[in-house]
Amino acid sequence: MNRLRLNNILMALVIALAFIWLFIPFVMAVLWSLVDPSQPWTADKLLPPAMSFYRWVNMWQNSSLQPALLTSYTLAPSAAILSLLLAFPTSFALGRIAFPGREVAKTLCLLPLVVPPFITAVFFTALLYRLGLTAWRPGAIIFAHAVVFLPFSIRILTVSFETVRQDHIDAARDLGAGHWARFKAAYLPALRPGIYASLLIVFIQSIEEFAIAFIVGSPDVVTIPVLLYSALGQDYVRPNAAVLSLILVIPNVFLMLFLERLLKSANPTLASGKG
Amino acid sequence: MAAINIQKLSKDFSGFKALTELSLDVREGEFLTLLGPSGCGKTTLLKIISGFIEPTKGHILLNGKDVTKVPPEARDTALCFQSYALFPHLSVRENLEFGLRQKKVPALDRKDRIADVAEKLGLGPQMDKLPNQLSGGQQQRVSLGRALVMRPSVILFDEPLSNLDAKLRDQVRLEIRRIQKDYKLTAIYVTHDQAEALAMSDRIVVLKSGQIEQVDTPERLYAAPRTGFVADFIGNANVFTGRVLPQKTPTIWRIETPIGILETGNNAGTEGAEITLCWRPENAEINDDGALGGTVTSKAFQGHFTDLMVETKGVPYRIQTSRTDVNEGDTIGFNVPGPSVILLENAQ
Ligand SMILES: Nc1ncnc2c1ncn2[C@@H]1O[C@H](COP(=O)(O)OP(=O)(O)OP(=O)(O)O)[C@@H](O)[C@H]1O
Ligand SMILES: [Mg+2]
């Protein structure tokens, strides 16, 4: 009885928190994006006095939103894939090969994440310039994102590699499987959730990343966050910023849900059908 | 021709000798069991035969061909894993088919072989299920089937039954043996369960610290163990050291042991020699005017016999009897019949 009550209270608390942190800002963003320029939304009014899609249409047609979307949604998947490819050999070593100091190496791989992102951005881009790797700006951003978010990929994939069972590898080998068949039968099913998770996390991080994209890319390459920051900057127009942030966040929500499904289907113990 | 020749095989794991100069021939169609305590090198030997571990020294011949350097994927051996190692994302049928696909066996042929094995193992209704939808016994059968469809020259088992409960173990044990005979397979079977080894094997190899202690049929191994280790590992044995006394008659030798004097027709050697001998607990005959005697310290009723721990002058040993009228604290007399006294090599 008491326990049930406690559960209910906790549940209510969680819902309230979610409401305050997620729902309210989201609704505010939606409302702000719908404010019609004819009448400003002043603090004394609960709802905007006039609502329309004017801001959305205007942003879509008259700003650099379209090319920015294209840029962001090209750079982010590329960075996600590159990061995955870069992480693969390291994660394999960390997850499957016993060597002295392996645990230390694993921790070291996570260390870059404790540095504030802006500092990483500033110094990493400086390094890129020093190395002369900025000739092709989109490429430089992809590379920089892939490297900066590599710790996520490495960590996720290392755990995945650790879950690959040696007896599956041995069984495949004993049954005559070559390298590729062994990878497909023994490694891939165990790695799949990690691969999806790594792709998604780097994708989202890259879509939202401002500092590197700004320093390396400007003025030619404009991503959505760069656009957003400039909307927040000299000519701050709150409704426009609301439109941009929604454009940034909505696809991520869908991606999250999509990933959830993928992860479930990748795990044969949860799926009813074939994995 | 022997199916497998193992020639002076040694394996060092960074200084630790897991196997030392081990030589062994496995006959074609034979069911050979590797038996020994934990850590004696059974799995290591099996992995060397299947190709997963390269020996430090020595050679291994499969059907007369040296395969010491051949990798496992190219070796004509099939391994049944203790953990089954079924691919969780593949159905039973796909698991069975996996090896045949790797070997590029034509589709029709694959179907025939799988149908044959599925029937023999009673897997028909399970073919489209995933491994995690099967019981332990069924998974074990799929793992056996996956090895069988390959029609390997040698099939290797590493403690395949240790994850099954006792009853199922007996059943699958018989099944493995039947199928091995049906397919006339050469099988090497690893276990540390002596009952399993005795029940299944054509021959048993007793291993101790990476070396062969004795190779023989189950019957002979039980009746004539060469060392105390084998005697005690296969069945129970009371092992004693003794001194040979002057012979009673030209055909009867007398040996003084810590629990008394034993007489045997087996040649114990010259007077004064130090020897090691043993006798099986079930061979002692309880008898009030027996030549030997002791005090019962504990008693365990086992159904068809009673297990007694007996002590003579502080030396404990075991007697098994069908009599049920002996109690703790009783003083009993008994005889060990001459033929039951087994003389052992002194080295322990
Ligand atoms: N990769 C390895 N590195 C170092 N030592 C090893 C390695 N593999 C096995 N050994 C050692 O070699 C010895 C034999 O191991 P093995 O696995 O063959 O034993 P086993 O007879 O199969 O034992 P069990 O009945 O417990 O399975 C053990 O002492 C083990 O510690
Ligand atoms: Mg073992």
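Numbered from 1 within each chain, the chains take letters A, B, ... in sequence-line order. No hydrogens, no waters, no symmetry mates; every other heavy atom, side chains included, goes into these values. Please read these numbers as outputs of a predicted model, since none were measured by experiment.
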Measure the spacing between CG of A/Asp167 and CG of B/Asp158 and express it to the nearest 0.5 Å. 11.0 Å
Please check if atom NZ in B/Lys17 has more than 12 non-hydrogen atoms from other residues, nucleotides or ligands closer than 6.0 Å. no
Rounded to the nearest 0.5 Å, how far apart are CZ of B/Phe52 and CD1 of A/Ile169? 10.0 Å
When you measure from the side chain of A/His168 to the backbone of B/Leu86, do you find a donor-acceptor pair of N or O atoms at a distance under 3.5 Å? yes
Hey, is CD1 on A/Ile20 packed in by over 12 heavy atoms from elsewhere, all under 6.0 Å? yes
Below 4.5 Å from any heavy atom of chain A, which atoms of B/Thr77 appear? Answer side chain, backbone, both or neither. both
Measure distances from A/Ala172 to the heavy atoms of chain B and classify the residue's part below 4.5 Å as side chain, backbone, both or neither. both
Rounded to the nearest 0.5 Å, the CZ atom of B/Arg146 sits from the CG atom of A/Asp174 at a distance of 8.5 Å
Looking only at non-hydrogen atoms, find the nearest pair between B/Gln102 and A/Gly178 and report the distance. OE1-N, 4.5 Å
Has A/Phe254 got more than 12 heavy atoms of other residues, nucleotides or ligands less than 6.0 Å from its CZ? no
Gap separating the NZ atom of B/Lys47 from the CG atom of A/Asp170, nearest 0.5 angstrom: 6.0 Å
For a quick test of reading the model, state the closest non-hydrogen atom pair linking B/Phe98 to A/Ala185 and the distance between them. CE1-CB, 3.4 Å
Please report the closest heavy-atom contact between A/Pro189 and B/His89, naming both atoms and the distance. CG-CE1, 3.2 Å
Measuring from atom NE2 of A/His179 to atom CD of B/Glu73, what distance do you get when rounded to the nearest 0.5 angstrom? 6.5 Å
Is the CZ atom of A/Phe124 crowded by more than 12 outside heavy atoms at less than 6.0 Å? yes
Counting only non-hydrogen atoms closer than 4.5 Å, does A/Arg173 touch chain B with its backbone (N, CA, C, O), its side chain (CB onward), both, or neither? both
Does A/Phe258, at its CZ atom, have more than 12 non-hydrogen atoms belonging to other residues, nucleotides or ligands within less than 6.0 Å? no
